[in-house]
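Okay, so here's the structure we're looking at.
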Amino acid sequence: MTKNPSKTATGSKKPPFYITTTLPYVNAEPHIGFAMELIRADIIARAKNLAGHEVFFNTGTDEHGLKIFQKAKQNHKEPQEYVDEAAAKFKELLPLLGIAENVAGITFKFVRTTDTDHIAAAQEFWKIADKNGLIYKKNYKIKYCVGCELEKTESELVEGKCPLHPLMELEVYEEENYFFRFSVYQKPLMDLYGRGSVSGSSGVGERRDGDGSPVTTPFVVPSSRLNEIRAFVERGLEDFSVSRLATKMPWGIPVPNDPAHVMYVWFDALVNYISTIGWPTDMKKFDKWWVESGGAVQYCGKDNLRQQSAMWQAMLMAVKLPPSKQIIIDGFITGEGGVKMSKSLGNAVNPLDIVKEYGTDALRYYVARELHPFEDSAYSPDKFKESFNAHLANGLGNLTSRILKMAETNGIKYDLVAEKEFAESAEYKTLLEKYSEGLDKYDIQQASNSIWDLIGATDKIVQERQPFKKIKEDRAGAEKDIKELLARLHMIGTMLLPILPETAAKIVGLVEKNKMPEAPLFMRK
RNA sequence: CGCGGGGUAGGGUAACGGUAACCCGUCAGGCUCAUAACCUGAAAAUUGCCGGUUCGAUUCCGGCCCCCGCAACCA
């Protein structure tokens, strides 16, 4: 088997591919950050599917825990009622973002941590980890600020005091909790990070893709995040609490054989990555999507680095399951000037407002090309509008109009001979390499840039060869030019398929039917 | 000395030892197939500060200043 999917011989089966987002916690409205994560995962899912892989695409909602319990109470609702409504809201987002819910070859799943099969899976997971000796009970010191009437974590304290009530002594009491033996996984985790990394490959038990080829990209992408988690694990790990007293916080999955405790939400939520693909009841399905595929590619924000790349991996080891395939870390979307987005600052952006004004593909374009694939990026309405006008209206949309107008009025049709010729050109090969390499590295911006390189080069050709003028004295020459332009446009549409599915399908369709768009693809704003 | 990332034209980014590149915006010219779109050209950066290594540093080393995450049970 070859490592490069594009080199796989026709007919040989490509391994299944599994990609997932994190499950957003439903204590707040869907925000732009989650929309971004979903769009990116969707682009990768579609691209893999188009490249011939069968794809499983998972997303959903995380619905247990104290914050949700409190939020439900605030709204005078039962927790279940509250999360049902919240989950529905997140689900509504999917079609507006153009998520591949109904695409042939992509199995889409929206998992909720309150689903009965997820609850059963989380309990089974706990039982196995417990049986393997990785869960134990111990007294846990709680620091309680009487002033706030709240428990305080170490990170909330300033010099050992509650910053809001620095004159009051914290009450300390002990509570029995279950703990996970995270500490024993320091070495195994370091090994995991070492393997498959570009530089420090150990050569032993390398991570393998479903077809047996070694995974050559780092376990955590980008590699700066891999360094970060490595440094964190290297400093030593402490066991972490994985339960809460049900009397204090009943909204969670009951701990097996101990109804006095519920699972801590992280422990519960992370299991979704395998419960969603049938573990532990449908092991055939699980094997396909977790074992044959080489595990999940997990998109998450940088605040999730530890949970995804350390805690979850250790948990998998505790139940003797193979690790995830890769963790892809996103940056955050910030407001203008890199200021954190927040409701209180009033600079939070609702993805639905953008979709309403500009359309689904415009938002997808912005995420794909204007946001840094791994670092923080600033969003501003002005920037959005500028890039929309420059690249979607003036760039892609206008190019489509001008080429199809020439083709339609002169009755010149797209044909495969011209397309084949262009596909064999050095120009196209270079672009395609940039495009595929970008997608392989999860650098969606690079992949998108290659398409806009082609758009720019094609605009230039129209200007230089002037087929609209040439047609008057040299019909054959102009026809050849226009056929090449049509081939180029067709190629642009094809490359755009995973990124702007709706627009891409439209372009491909128009070229094949030799029809000029009835209305501009993107109206200048 | 907690850990990590970063400071490059008006804005956003790239290059990472050898004339500082790209996109947006601005200005001038060209074209008329196209969505006042498109093409060409120009202006615009002493690459955070100070010192060192080097024939030569944005790029390597040391120090300093500033910004942004994280610092574990916060989902």
Side-chain angles (χ1 to χ4, degrees), chain A residues 22-28 61-68 113 140 151-156 177 179-180 182 222 224-225 227-232 234-235 237-244 264-270 301-307 310-311 331-332 334 336-340 369-372 374-378 380 382-383 385-387 389-410 445 449 452-453 455-456 458-471 478 481-482 485 516-517 519-525:
Chain A
T22 40
L23 305 190
Y25 200 55
V26 296
N27 67 338
T61 40
D62 180 4
E63 306 183 1
H64 288 125
L66 184 62
K67 287 193 180 170
I68 286 164
T113 58
Y140 173 53
E151 287 177 17
K152 294 281 160 178
T153 62
E154 283 306 322
S155 57
E156 288 174 306
N177 266 196
F179 274 71
F180 176 68
F182 193 36
S224 55
R225 297 289 175 204
N227 291 341
E228 200 174 327
I229 194 66
R230 244 193 206 126
F232 169 74
E234 199 152 36
R235 263 175 272 146
L237 302 174
E238 280 175 32
D239 295 347
F240 60 86
S241 159
V242 290
S243 73
R244 290 291 183 272
Y264 176 54
V265 294
W266 269 117
F267 199 85
D268 145 17
L270 288 166
K302 61 183 185 179
D303 55 341
N304 253 267
L305 176 65
R306 275 174 206 185
Q307 288 84 353
M311 288 159 69
F332 288 160
T334 65
E336 277 172 89
V339 185
K340 199 169 178 170
R369 184 137 184 269
E370 301 294 336
L371 298 179
H372 190 111
F374 308 117
E375 301 294 334
D376 290 0
S377 304
S380 80
D382 288 349
K383 256 177 90 176
K385 186 174 153 184
E386 262 178 31
S387 84
N389 284 336
H391 302 293
L392 250 23
N394 299 351
L396 178 62
N398 181 56
L399 180 69
T400 304
S401 294
R402 68 196 301 210
I403 292 178
L404 287 170
K405 170 74 176 187
M406 283 186 274
E408 194 186 328
T409 51
N410 295 302
Q445 197 178 39
N449 281 341
W452 264 265
D453 288 349
I455 291 171
T458 304
D459 261 326
K460 203 166 165 177
I461 284 180
V462 178
Q463 178 63 30
E464 282 169 357
R465 300 198 200 152
Q466 309 201 318
F468 47 87
K469 196 184 268 178
K470 200 190 276 182
I471 192 91
D481 288 339
I482 292 172
L485 292 171
M516 200 192 155
L521 253 29
F522 299 99
M523 240 350 180
R524 281 179 63 84
K525 294 267 178 182

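A, B, ... follow the sequence lines: proteins, then strands. Residue 1 opens every chain. Since we're looking at a predicted model, the values are computed, not measured.
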What nucleic acid atoms does [X] come within less than 4.0 Å of, heavy atoms only: base, sugar-phosphate, or nothing?
| X | answer |
| --- | --- |
| A/N304 | base |
| A/V462 | base |
| A/G65 | nothing |
| A/F240 | base |
| A/E386 | sugar-phosphate |
| A/F332 | nothing |
| A/A269 | nothing |
| A/D459 | sugar-phosphate |
| A/L237 | base |
| A/L305 | nothing |
| A/H372 | sugar-phosphate |
| A/E464 | nothing |
| A/S387 | nothing |

Go through the side-chain N and O atoms of A/N177 and A/S241 and say whether any donor and acceptor fall under 3.5 Å apart.
->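 Yes - a donor-acceptor pair under 3.5 Å links their side chains.
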
Considering only atom [atom1], compute the distance from [N] to [M] and round it to an integer number of Å.
| N | M | atom1 | answer |
| --- | --- | --- | --- |
| B/A14 | B/C73 | P | 33 Å |
| B/G11 | B/A44 | C1' | 13 Å |
| B/C70 | B/C74 | C1' | 12 Å |
| B/G17 | B/C60 | C1' | 8 Å |
| B/A9 | B/A21 | C1' | 12 Å |
| B/C49 | B/C67 | C1' | 15 Å |
| B/U47 | B/U13 | C1' | 13 Å |
| B/U8 | B/C22 | C1' | 13 Å |

Taking only the side-chain heavy atoms of [X] (C-beta and beyond), determine which of [options] contains the nearest atom.
| X | options | answer |
| --- | --- | --- |
| A/N394 | B/C38, B/C31, B/U35 | B/C38 |
| A/R235 | B/C39, B/C73, B/C3 | B/C3 |
| A/E375 | B/A34, B/G5, B/C31 | B/G5 |
| A/Y264 | B/A71, B/C74, B/C33 | B/C74 |
| A/K405 | B/C24, B/C33, B/C39 | B/C33 |
| A/E238 | B/U35, B/G30, B/A72 | B/A72 |
| A/F232 | B/A72, B/G69, B/U35 | B/A72 |
| A/N398 | B/C74, B/U35, B/C70 | B/U35 |
| A/L521 | B/C23, B/U35, B/C73 | B/U35 |
| A/D376 | B/A34, B/U35, B/C68 | B/C68 |

With both distances kept under 3.5 Å, what pairs with [N], Watson-Crick or G-U wobble?
| N | answer |
| --- | --- |
| B/A42 | B/U26 |
| B/A57 | none |
| B/C31 | none |
| B/U19 | none |
| B/C70 | B/G2 |

Can you see which heavy atom on [X] is nearest to which on [Y], and at what distance?
| X | Y | value |
| --- | --- | --- |
| A/F267 | A/V242 | CD1-CG1, 3.5 Å |
| A/I482 | A/M406 | CD1-CB, 4.1 Å |
| A/H64 | A/D268 | ND1-OD2, 2.5 Å |
| A/F332 | A/D376 | N-OD1, 2.9 Å |
| A/K470 | A/D481 | NZ-OD2, 2.6 Å |

Are any of A/K469's side-chain N or O atoms less than 4.0 Å away from OP1 or OP2 of B/U32?
->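 Result: yes.
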
Give a yes/no answer on whether the side chain of A/K302 brings an N or O atom under 4.0 Å of OP1 or OP2 in B/G4.
-> no

Spacing between A/R402 atom CZ and B/A36 atom C1', to the nearest angstrom | 14 Å

5'-most contact on RNA chain B: A/R524 or A/A390, nearest heavy atom basis?
->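 Final value for this comparison: A/A390.
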
Residue whose nearest RNA chain B nucleotide is more 5′ - A/R244 or A/G456 |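 By nearest-heavy-atom nucleotide position, the 5'-most residue is A/G456.
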
In terms of side-chain geometry, is the basic nitrogen of A/R225 or A/E228 positioned less than 4.0 Å from the acidic oxygen of its partner?
-> yes

Quick one: sort the A/W452 and A/H391 rings into parallel, tilted or perpendicular, breaks at 30° and 60°.
->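 Geometry flag for A/H391 against A/W452: perpendicular rings.
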
